[in-house]
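Written below as structure tokens is the structure these notes are about.
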Protein chains: 2
Amino acid sequence: MADVAERAGVSASTVSRTLRGLTTVSPEVRARVEQAARELDFAVSRQAASLVTGRTGTVAVLVPTLNAWFMGSALSSLAPVLRAAGMELTVYVIPDLAERTSFFDRLPARRNADALLVFSFDLTEEETDRLDSLGMPVIYVSQHVDGRPSVYVDDVAGALHGTRHLLNLGHRRIAFIKTVGASGFSFSSNERLLGYQQALAEAGVPLDDDLVAALPVGDQRALTEALGRLLSLREPPTAVFAEQDEVAVAVIRALRRTRIEVPEQVSVLGFDDQPVADLFDLSTIAQSPSDIGHEAGRLALKLIDDSEPDHTQHIVLPTHLIPRATTAPLHAGEWEGDGGSPRA
Amino acid sequence: MADVAERAGVSASTVSRTLRGLTTVSPEVRARVEQAARELDFAVSRQAASLVTGRTGTVAVLVPTLNAWFMGSALSSLAPVLRAAGMELTVYVIPDLAERTSFFDRLPARRNADALLVFSFDLTEEETDRLDSLGMPVIYVSQHVDGRPSVYVDDVAGALHGTRHLLNLGHRRIAFIKTVGASGFSFSSNERLLGYQQALAEAGVPLDDDLVAALPVGDQRALTEALGRLLSLREPPTAVFAEQDEVAVAVIRALRRTRIEVPEQVSVLGFDDQPVADLFDLSTIAQSPSDIGHEAGRLALKLIDDSEPDHTQHIVLPTHLIPRATTAPLHAGEWEGDGGSPRA
DNA sequence: ATGAAAGCGCTAACAG
DNA sequence: CTGTTAGCGCTTTCAT
């Protein structure tokens, strides 16, 4: 910066003021400085700047993985929001318990970011408390944490609408497949199960624990077993609501492999509306991770600027049903429904 | 840090030495300092440290998007490599031309990272030159750039093997579907086309431009049109080699919609081995983005430490054919092949 | 093995 | 509107 100052024939302060866009610089001086800076390919060192401002110009995100549709979409739309505000994005990927422990132990984000966005983790209260000690706004994304700012979709309503859709099609025996994350990571499972149960209750359909399965996403064997359990019930389900599209697709493939037709004999409904849902013509509950990312970014910027950190913000985004080809009226199929005609 | 020093009853220098793991600290003092640091939840400010060391402790990556299988996998495996070395990961997402221009204009990474990893961009020579001026190692990932360190898979060999596989199955009319990225971003298209052509040449099969189509990924309409062109050729292809799994899957869906059986009538081969390939039982050429990410990370760390930046490193990773259910011998189908029996 | 002192590059008062 | 001065929190000589 001294070089630029010398070249422009001004003091370092003036260069600083110019480069930060302060208005208290005369046009001609500004021009000289900008030219000098350009000629020298000068860029301000965030390091040095933040040393004195106390702000790092960086937003950190904590994610379980980057290798997932949700994270990819959310971060892809979070990034431009930050960029537009001149902020950098640094990413902490915490794929397993060991890394998780180490992260919460050392809190490397401390002093190295102005805000932290925590994605999709099912945190213990201890961990949340620990994050409170970070000395920066912490925003919880895709999860509701009481008393802390969060951005998430209304999972209960989503699952409620999905289940209603199946009920409206005449289904009464509706299975629900929960996803249990590996090593303590969880998604919005519980909320979605709640929505499912709520819909059944309001329709007067009795809950049946046998219809609820929980399995790790991507575990083919567990899925097959769970499906086997469902199909061998005295009253097997005529519809399956999977809490994630990926699982729904696996269900479809497994059923078709057994020559059980979807949706003629069993309807299948997913949740997410990932690209794969379209490829499989999967009916599903759509959520928009890019909206989530966008909102989370805006909220982060706001909280960074806010001097009043008291008013806890909750941003709840909507979901909506995308009816495609894997859900159909009960009687359209030939499976034995309540009153339908049995089949060989 | 002064607080820690006071609490441990030592000087700031000693705290610094301890926290950086230097050996020149007596065990007892080390213990005192570590305890004090822990009690005060102290974390070193990278900002202040880098001001004097000249190193930021950060690796930057430049990606066109995060919303893609390749990036997600690569970054998910890059991250732990950096973490293990105590480095942070900052991400620049450049989704469009405007952001691209602005990035190369301002080069925000300057002075704010110790190395830059450039993913999957088809850079102009001007841009590459500009990056050279960054004053840090720049590593090109998933692309070969002459004279600069890069990490990529052998696309030529991959496409060569894929095409050979189809040739070995008896196919002679093999279409190739290239992908053209939006707004100047390109993937390894050209290399793959080259491998395809090479395989045909070595088998003595004449090249036919009519069999090569180029379309933007995700453009349903363009795909349908391209397919229409292929299917209305005097000698239509009996196999389609798509340069990306996503396109291959779209091809399969389009063909089946028209009641053209895959692979009985037309074989389809992809490239990548994304999860969706497995879901569609797609034969494909596998590449491993996680290996790429891993190697890129290691290379970055190495170049950061190296004082000798002369020996340009190129890391070329292998691909391999994953034969699944969408490629089959020519005569297994009923389409009119060269000598096959025509069908109604 | 430890401490004292200097200074990394910048911004924030404060003068003028 | 611009320059001067004093640090921000750390690492690094250089002593001891």
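Here is the naming used below: chain letters follow the sequence lines, and residue numbers restart at 1 for every chain. What's counted below: heavy atoms across the whole structure, side chains too, no hydrogens, waters or symmetry copies. All figures in this text were calculated on a predicted structure; none of them were measured in a lab.
- Here the rule is side chain to side chain contact (heavy atoms under 4.5 Å, CB included) with A/Gln47, and of B/Thr56, B/Thr53, B/Val52 only B/Thr56 fits it.
- Sequence neighbours left out, the pairs with a member in residues 75-87 of chain B that pass salt bridge (charged side-chain N to carboxylate O under 4.0 Å, His left out) are A/Glu99-B/Arg83.
- By the ring-ring contact (aromatic ring centres under 6.0 Å, His included) test, B/Phe103 is found to be paired with B/Tyr92, residues two or more places apart in sequence or in another chain being considered.
- Rounding to whole angstrom units, CZ of residue B/Arg55 and P of D/dT12 are separated by 10 Å.
- Regarding B/Leu19, its CG atom lies at a distance of 14 Å from the P atom of D/dT12, rounded to whole Å.
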| query | Taking protein heavy atoms under 4.0 Å as touching, what does nucleotides 6-16 of chain C look like 5' to 3' if B marks base contact, S marks sugar-phosphate-only contact and - marks none? | reply | --BBBBBB---
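- Backbone-only engagement by B/Thr14 is indicated by non-hydrogen atom pairs under 4.0 Å involving sugar-phosphate atoms exclusively.
- Between atom CG of residue B/Asp155 and atom OG of residue B/Ser189 there is a gap of 9.0 Å, rounded to the nearest 0.5 Å.
- Between C/dT2 and B/Ser26, a contact under 4.0 Å exists linking OP1 or OP2 to a side-chain N or O.
- For A/Arg111, there are no salt bridge (Lys or Arg N to Asp or Glu O under 4.0 Å) partners at least two apart in sequence or on another chain.
- B/Thr90 and B/Thr58 share no side-chain donor-acceptor pair at under 3.5 Å.
- Contacts of A/His314 classified as ring-ring contact (aromatic ring centres under 6.0 Å, His included), with partners at least two apart in sequence or in another chain: A/His144.
- Stem regions for DNA chain C, each three or more consecutive Watson-Crick or G-U pairs with both distances under 3.5 Å and listed by first number, read C:1-16 with D:1-16.
- Residues A/Arg148 and A/Asp129 are paired through a salt bridge, judged by an N-O separation under 4.0 Å between the basic side chain and the carboxylate.
- Whole-Å rounding puts the A/Asn112 CG to D/dG9 P distance at 13 Å.
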